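Reading through the structure tokens given below for one structure.
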Amino acid sequence: MPFNSLPSSDFINRENELAYLKRLADLNELDTSNNILLEGARGMGKTEIIKQLYRHVFWEDRNVIPFYYSFRRGTLKATHFVRDYFTRFIRQYLACWKKNPSYIDSMGTPLIKLVPLLASLKLEWMIDLLENHREHMAGGDVYEQLMSAITVPVIAARSAGRPLLVLLDDFHMSVHLYENEPGDLPGLSSLFEGPIKTSLCPHILTGSPEGVLEGIFTDDAFRGKAERVFLGELPEHDAYAHFLTLCEKFGLNADKEAVRGFMRLLGGNPLYIRNMVKALRKMHKKDISENDLLESYGHEVLEGETAFYWSSVFGEHFRDPSGRRAALELLMYRIRAGDGLPDYDRLSMVLGISPSSLTSAVESLHRAGMMKVGERPGQIRDNVLQDFILGLYMKEIEGKKARHIREIIETKYRSAKSTATSFEMVIPMASDAELVAARAVEQIGRNLKIDPDLIDKIQLALIECCINAMEHSGSYEKKVFLKFGVSSERLEISIESPGRFFDPGQTGEQSTEEKLGAGTKRGWGLTLMRKIMDEVRVERIDERTRVILVKKIKPDEVLK
């Protein structure tokens, strides 16, 4: 819906582009070529910017009527598209005329019930439109039906003497309009030629991936009818500012230097930036370090909203298993091969894919926006997309577990200064298994020459976490996963268990003095953990609970 957009106060870093598009609402500059193709890679914010434009024209301009339509796969059958396009136009026109957005939302109300209101507003020409449209729908001629919908903005502009600003989102989907089944009636997008050429109806058309609209506008029906505007990545400084602004909005404190370096990974893509900040919030991060950024990133490209977005795109274009596998093999070969790439025939032999399957995979990847049109097979410059593909390949082709894949992706970007020696272990949910983890801490402490009294305290905190994980998770796996990150200045222990969420603060506590005096290895609560450790975090990640214990090693805690 056109009003389903960010608040104006949160829409930043695209002000120049938005100001440029607003000039279409200036009737003094209208001419027959005043249409715009708004292009850019997926996630660059094309939809958001035209929704912002719609809202501006709807509320602030007193002469132009805006109309927003998004092409969706579910409405590409001709009769479905005609009803949807016509109905949304009538409702949006009336909403703008009355300055009442509620008319847009009431899609379930038959248009015929709007006739009394239209008559009271002296919009008889719109009543005529409703009658003509109903006759065309009853007639059964698909071309007449389509034209009755597509030309309605032009008729409205001429009848009311009030120009229309038409915003067609994902216009490239119009080439897939069909009568009974996909592909049975090609060329229907050319029917938009008339409205696009009409000076009273300037159009802004979006399309993904990059260059996809160019193919449509090389057609004689459209050639020379529009100006191309490219929506690219946010500059690094703007991307950095946008990330910090979103963090502040969600109450997150970010290490600015860590964020600045991390922005190069996201490549200035507004979709990735928003999703990353939301991932940090969902994972209960607050004081965000480089480790937090990498951990949340690993989750985001494998299981978060970004992964869901690309999974949907990939699934839409590759429905059968053989085509899906061919595409993944091709993409992974390109990622691993770097710049060197053999010709199609050699590539077909290397991948074990027939030439026809390889060609089909390349064409589908172009349409999906996972490869740029005109580039060599599999060429990918998007870091996030690369990591999504890497994760999907390792999961579906190599059969690796999500936890192992996250580790690979996080390690890939971890800087030298943040890299510590790491150990991993898995203990069963069995009696005294936590003592095995405690002995690991003891050995690590000895290697670091940490004071034995401090080692003992760290062991107690770890034992309590392990016991809570065993007693409260209810996991069918019956395992607890531990990771020890070790450097000369820091010890970080991650205790992770699948199953239901547990809160260490709900386990019941005695005073610290009572616990230390009792000498027991059990029953230690969150208060004591925080007294011993410098940082204790409890995170919920999908169906897993993770407790992170951090101890900074001070010089006076190390034996000489």
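Keep in mind the model is a prediction, meaning the values are calculated, not measured.
Applying the salt bridge (Lys or Arg N to Asp or Glu O under 4.0 Å) criterion to Glu407, with sequence neighbours excluded, gives Lys483. Looking at residues two or more places apart in sequence or on another chain, you find no side chain to side chain donor-acceptor pair (under 3.5 Å) involving Ser70. Every residue meeting the side chain to side chain contact (heavy atoms under 4.5 Å, CB included) condition with Ala440, not counting sequence neighbours, appears here in chain and number order: Met425, Phe484. A search for ring pair (Phe, Tyr, Trp, His ring centres under 6.0 Å) contacts involving Phe481 returns nothing, not counting sequence neighbours. By the salt bridge (Lys or Arg N to Asp or Glu O under 4.0 Å) test, Arg72 is found to be paired with Asp84, residues two or more places apart in sequence or in another chain being considered.
Within 6.0 Å of the CZ atom in Phe308, the count of heavy atoms belonging to other residues, nucleotides or ligands does not exceed 12. Taking a 6.0 Å sphere around CD of Glu248, one finds it holds 12 or fewer heavy atoms contributed by other residues, nucleotides or ligands.
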Audit row: Ser289, Asn291, side chain to side chain donor-acceptor pair (under 3.5 Å) steps and yes/no: CA-CA 5 Å; Ser289 64; Asn291 284 336; 4.9 Å; no
Full working for salt bridge (charged side-chain N to carboxylate O under 4.0 Å, His left out) between Lys412 and Asp387: CA-CA 10 Å; Lys412 177 180 175 183; Asp387 290 330; 2.7 Å; yes
Pair Asn468-Glu464, side chain to side chain donor-acceptor pair (under 3.5 Å): steps then yes or no: CA-CA 6 Å; Asn468 281 327; Glu464 174 63 18; 2.9 Å; yes
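Counting heavy atoms from C-beta on, the side chains of Ile427 and Met470 come closer than 4.5 Å. Considering only heavy atoms from C-beta on, Pro101 comes within 4.5 Å of Trp59 through its side chain. Counting only heavy atoms from C-beta outward, the side chains of Ile288 and Asn253 never approach each other to under 4.5 Å. Annotation: side chain of Ile548 is in contact with side chain of Arg546 (closest heavy-atom distance under 4.5 Å). In this structure the side chain of Glu316 reaches within 4.5 angstrom of the side chain of Arg73, judged on heavy atoms. Side-chain atoms of Met429 and Lys479, non-hydrogen and from C-beta on, never get closer than 4.5 Å to each other.
A salt bridge links Glu424 with Arg403; the closest basic N to acidic carboxylate O contact falls under 4.0 Å. The existence of a salt bridge linking Glu295 and Lys285 is confirmed by a sub-4.0 Å separation between a basic side-chain nitrogen and an acidic carboxylate oxygen. Ion pairing between Glu492 and Lys552 fails under the 4.0 Å rule for side-chain N and carboxylate O. Ion pairing of Glu303 with Arg406 is present here, as a side-chain N (NZ or NE/NH1/NH2) and a carboxylate O approach within less than 4.0 Å. Electrostatic pairing of Arg439 and Glu442 does not count as a salt bridge here, judged by no charged N lying under 4.0 Å from a carboxylate O.
Under the ring-ring contact (aromatic ring centres under 6.0 Å, His included) criterion, the residue pairs touching residues 258-282 are Phe262-Tyr297, with sequence neighbours excluded.
Defined by atom type and a distance below 3.5 Å, a donor-acceptor pair is missing between the side-chain atoms of Gln386 and Asp382.
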